[in-house]
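One structure below.
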Number of protein chains: 2
Amino acid sequence: MALKTLTLQDVARVAGVSTATVSRTLSDPNVVSESTRRKVSDAVKSTGYRINRTARNLRTQRAHSVLVLLPDLANPFFSNILEGISSHLSSQGYSMLIASTKQVHDSGERLIDYLDDARADGMIVLDGGLAPDVVEMLANAPQSKPVLTACEWIDGASFPSVRCENRHGTRAAVNHLYDLGHRKIAHVTGPADNVLTQTRKAAFADEIAELRLDLPPDWIIPGDFSLIGGCDAARAWIGMKDRPTAVFCASDQLALGFIAELSRHGISVPRHVSVMGFDDIDLAEQFIPPLTTIRQDRLIIGETAAKMLMSRILNPGDPQAENSAVLPVSLVIRDSTAPPQ
Amino acid sequence: MALKTLTLQDVARVAGVSTATVSRTLSDPNVVSESTRRKVSDAVKSTGYRINRTARNLRTQRAHSVLVLLPDLANPFFSNILEGISSHLSSQGYSMLIASTKQVHDSGERLIDYLDDARADGMIVLDGGLAPDVVEMLANAPQSKPVLTACEWIDGASFPSVRCENRHGTRAAVNHLYDLGHRKIAHVTGPADNVLTQTRKAAFADEIAELRLDLPPDWIIPGDFSLIGGCDAARAWIGMKDRPTAVFCASDQLALGFIAELSRHGISVPRHVSVMGFDDIDLAEQFIPPLTTIRQDRLIIGETAAKMLMSRILNPGDPQAENSAVLPVSLVIRDSTAPPQ
DNA sequence: ACTCAGAATGTAATCGATTACAGAAGTTCT
DNA sequence: AGAACTTCTGTAATCGATTACATTCTGAGT
């Protein structure tokens with residue numbers, strides 16, 4: 001049962017040619033003659049030969065795989081992004097390795113090891129909150145392997161990145177609420193140190209100012225992108241003397257938690273207050289009420305990131321490699337927003 | 001900047017010993033003398049040497065990584081399982097490769113290639129719906145590398161597996177509804193060809209029979225584990241002449257979709273009908289109303305699967321390797337169930 | 001001082017594919 | 001026919017770590 005591993009040698013012997021010829025036939029069929037090509041492919045079929053990637057990787061100095069780093073594997077927000085990444089990578093014969101920041105930390109492994117020890121040819125970072133020393137290391141990547149950030153990015157570092165139109169999306173959200181007639185609009189933010197939080201918060205404040213609306217400090221409610229954060233924010237809203245009539249949450253999860261908590265207090269959306277999210281996760285459409293939100297296409301984010309990274313891996317040092325991409329977002333109007341009472 | 005890659009040779013030269021000694025020092029410090037150990041570790045530090053895994057893998061005939069196969073990366077149900085798997089693997093110095101059945105199919109890659117071409121040392125399958133020819137191939141795994149199924153399993157194949165107490169969970173669900181006073185209980189199933197669907201459906205029917213309750217055929221409502229499936233099922237329920245007063249859904253997503261659709265028709269849960277799910281996904285607790293469900297601990301499922309696979313990888317042919325594990329589930333009572341009107 | 005077991009280290013083969021270089025075979029042109 | 005290419009194929013070195021086997025060193029025992 002456990003056959004001896006088949007090697008190029010075996011195929012070469014069966015085909016009656018040298019290993020070099022077999023290798024060439026496999027990697028670039030056009031350089032060998034028609035007859036050889038047939039002999040070799042027959043031999044491959046009859047022996048059931050399959051290439052040994054490890055050997056190939058050693059010789060070519062490529063791992064033929066890419067590391068994706070996320071803050072938290074259990075967060076469904078990333079699933080579609082991974083799907084997009086993996087889809088492009090596998091079309092290129094590359095595999096996807098996954099690690100979460102938390103685990104890397106727990107297991108005492110240094111992130112950069114993946115790049116250093118030839119396990120991966122490049123890296124896509126989905127976590128803008130990497131510790132500064134880690135960022136430092138990546139920036140001086142010893143083998144100068146490409147690193148790219150997606151969704152989030154890292155302030156102060158200059159990795160190429162894929163981002164969404166966060167400013168534009170935020171302003172579209174505020175405008176939507178304004179158009180419905182809202183004049184008292186609050187914002188539930190993500191975690192304080194997050195780049196998306198900062199960008200969206202600033203865009204929110206800018207747009208509110210441009211519309212000449214009031215913005216008391218406590219209408220910026222600190223959150224953390226999670227369901228629980230949304231619940232907390234809802235309680236903060238409930239406790240306000242002068243309650244905003246609309247709330248723009250920095251993530252869908254926040255918005256869902258917010259609505260859920262309100263509902264436990266007998267407050268109904270959008271009757272008593274309009275609520276918006278950001279992301280358009282799968283559940284947004286199915287929630288009660290279906291959530292008005294800003295949609296980012298996570299599949300495309302993933303694909304774009306993978307494409308950009310692959311092009312840097314395959315053409316290292318190409319000066320005209322795209323350095324960053326900004327992807328569009330769109331306003332999706334559902335039932336969680338309505339004119340104020 | 002792009003330094004020549006450091007090899008064992010370099011370390012050996014600096015430390016003034018042979019490559020064999022360096023290698024031994026790294027893999028098993030106890031076999032070398034105290035003084036050598038220090039010389040080598042100094043040399044490693046001063047050169048900044050990092051092992052080349054590809055070379056090691058080639059020589060040891062191990063990939064030091066495991067492939068995880070899921071039906072659909074975008075399904076949040078799997079995230080926690082992945083977290084559990086990855087957590088254990090990385091503690092063992094192993095990496096996790098991920099592929100989705102869909103992509104493998106799209107890219108024309110054969111699954112077994114991963115095992116065949118030395119990219120992975122073993123495989124965890126989270127998709128019970130693999131095509132029979134694929135299963136056939138895996139079963140006759142050429143290099144006899146271990147394969148294991150988790151959550152779902154494959155009828156007719158005898159891979160070791162990690163499962164949950166599906167029967168017990170289902171019966172607990174039915175009993176909970178019965179205890180609340182329900183006598184007319186329906187079941188929304190998963191996709192027809194799924195092993196979990198079949199198991200839970202059978203357990204449901206058994207328990208109903210044991211309780212001597214009626215079960216008209218249309219009270220088994222076909223679904224597909226998804227939100228949309230739940231919506232469809234809700235419309236089926238609405239269309240019934242004699243409506244069941246409680247519905248046990250085969251997944252949380254089904255239950256959420258079910259409740260959402262009812263709500264769009266002005267029907268409220270649990271006032272007009274009690275609804276239960278299965279899984280206890282993160283959102284179950286935050287939904288309105290919070291969902292009564294059967295909890296499976298997905299982190300532990302993942303960890304268990306990884307442990308079992310690793311033990312088979314590290315001790316191949318160990319006859320006393322655990323062949324399968326059945327993990328407990330628990331009833332989580334929240335607000336989506338109540339006594340009938 | 002001498003033997004000998006055991007510990008520590010070194011030498012060199014090995015894993016399996018790729019590829020630089022050289023040589024053979026086949027074409028075209030004068 | 002011979003020169004000058006082009007196209008194909010083969011030989012052998014190479015990627016970087018591991019490890020079987022050989023060798024040297026150490027110290028205990030007599």
Side-chain angles (χ1 to χ4, degrees), chain A residues 2-41 43-44 47-64 93 113 115-119 121 142-143, chain B residues 2-41 43-44 47-64 93 113 115-119 121 142-143:
Chain A
L3 324 152
K4 188 168 59 61
T5 29
L6 287 166
T7 73
L8 266 189
Q9 300 262 18
D10 301 313
V11 179
R13 194 176 324 113
V14 172
V17 298
S18 73
T19 60
T21 300
V22 177
S23 174
R24 278 187 287 253
T25 310
L26 262 35
S27 63
D28 184 0
N30 294 326
V31 308
V32 303
S33 74
E34 166 66 25
S35 71
T36 309
R37 205 178 311 151
R38 242 208 330 279
K39 275 191 293 184
V40 170
S41 74
V44 167
T47 54
Y49 168 76
R50 206 122 328 128
I51 196 175
N52 181 318
R53 298 231 178 191
T54 306
R56 191 239 291 266
N57 289 349
L58 175 59
R59 181 59 226 240
T60 59
Q61 303 283 49
R62 285 262 168 84
H64 294 278
D113 285 351
L115 263 32
D116 251 1
D117 68 12
R119 257 181 297 179
D121 296 328
Q143 312 292 342
Chain B
L3 325 151
K4 187 168 60 61
T5 29
L6 287 165
T7 73
L8 266 190
Q9 300 262 16
D10 301 311
V11 180
R13 194 177 322 114
V14 173
V17 300
S18 73
T19 60
T21 301
V22 178
S23 174
R24 279 188 285 253
T25 310
L26 263 36
S27 62
D28 184 2
N30 294 326
V31 308
V32 303
S33 75
E34 167 65 25
S35 70
T36 310
R37 207 178 310 151
R38 241 209 329 280
K39 277 190 292 184
V40 170
S41 76
V44 167
T47 54
Y49 169 76
R50 205 122 328 127
I51 197 176
N52 180 318
R53 299 230 176 190
T54 307
R56 191 241 291 265
N57 289 349
L58 175 60
R59 180 58 226 240
T60 59
Q61 304 283 49
R62 284 262 167 85
H64 293 276
D113 285 351
L115 263 32
D116 252 1
D117 68 13
R119 257 181 298 179
D121 296 329
Q143 312 292 341

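No experiment lies behind these values; they were computed from the predicted model shown. Throughout, a chain's letter reflects where its sequence line sits, starting with A, and its residues are numbered from 1.
Counting any heavy atom pair closer than 4.0 Å across all strands shown, A/L26 reaches no nucleic acid atom. Base contact: A/S23 has a heavy atom under 4.0 Å from a base atom.
Between atom CG of residue A/L58 and atom CZ of residue B/R59 there is a gap of 12.5 Å, rounded to the nearest 0.5 Å. Rounding to the nearest 0.5 Å gives a distance of 5.5 Å between OG1 of A/T5 and CD of B/Q61.
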Taking N or O atoms only and anything under 3.5 Å, show me the protein contacts with nucleotides 5-9 of chain C, one pair per line.
unit_1: C/dT9; atom_1: OP1; unit_2: B/S33; atom_2: OG; d: 3.1
unit_1: C/dT9; atom_1: OP1; unit_2: B/T36; atom_2: OG1; d: 2.1
unit_1: C/dT9; atom_1: OP2; unit_2: B/S33; atom_2: N; d: 3.1
unit_1: C/dT9; atom_1: OP2; unit_2: B/T36; atom_2: OG1; d: 3.3

Would you list the protein and nucleotides 22-27 of chain C atom pairs, both N or O, that sit under 3.5 Å from each other?
none

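Side-chain N or O atoms of B/R37 include one that pairs as donor or acceptor with a backbone N or O of B/P29 at under 3.5 Å. Looking only at distances, no side-chain donor or acceptor of B/R119 sits under 3.5 Å from a matching main-chain atom of B/A63. Between the B/T54 side chain and the A/N57 main chain, no donor and acceptor come within less than 3.5 Å of each other.
Pairs passing the side-chain hydrogen bond (donor to acceptor under 3.5 Å, both in side chains) check and including a residue from residues 15-26 of chain A, sequence neighbours excluded, read A/S18-A/T21.
Boundaries of the chain A contact region on DNA chain D are D/dC8 to D/dG16, first to last in 5' to 3' order (nucleotide atom under 4.0 Å from a heavy atom).
Here A/R38 pairs with A/E34 under the side chain to side chain contact (heavy atoms under 4.5 Å, CB included) rule; sequence neighbours left out. Qualifying side chain to side chain contact (heavy atoms under 4.5 Å, CB included) partners for B/T47, counting only residues two or more places apart in sequence or in other chains: B/L6, B/V11, B/V14, B/Y49. A/D121 meets the side-chain hydrogen bond (donor to acceptor under 3.5 Å, both in side chains) test with A/Y94; sequence neighbours excluded. Remark: B/D28 pairs with B/N30, B/V31 by the side chain to side chain contact (heavy atoms under 4.5 Å, CB included) rule, at least two apart or across chains. Residues satisfying the side chain to side chain contact (heavy atoms under 4.5 Å, CB included) criterion with A/S33, sequence neighbours excluded, are A/S35, A/T36.
The end-to-end axis angle of the helix from C/dA1-D/dT30 to C/dT30-D/dA1, rounded to 10 degrees and based on five pairs per end, is 50°.
Looking only at side-chain heavy atoms (C-beta outward), B/T7 and B/N52 stay at 4.5 Å or farther from each other.
Residue A/Q9 qualifies as open at atom CD: its count of foreign heavy atoms under 6.0 Å is 12 or below.
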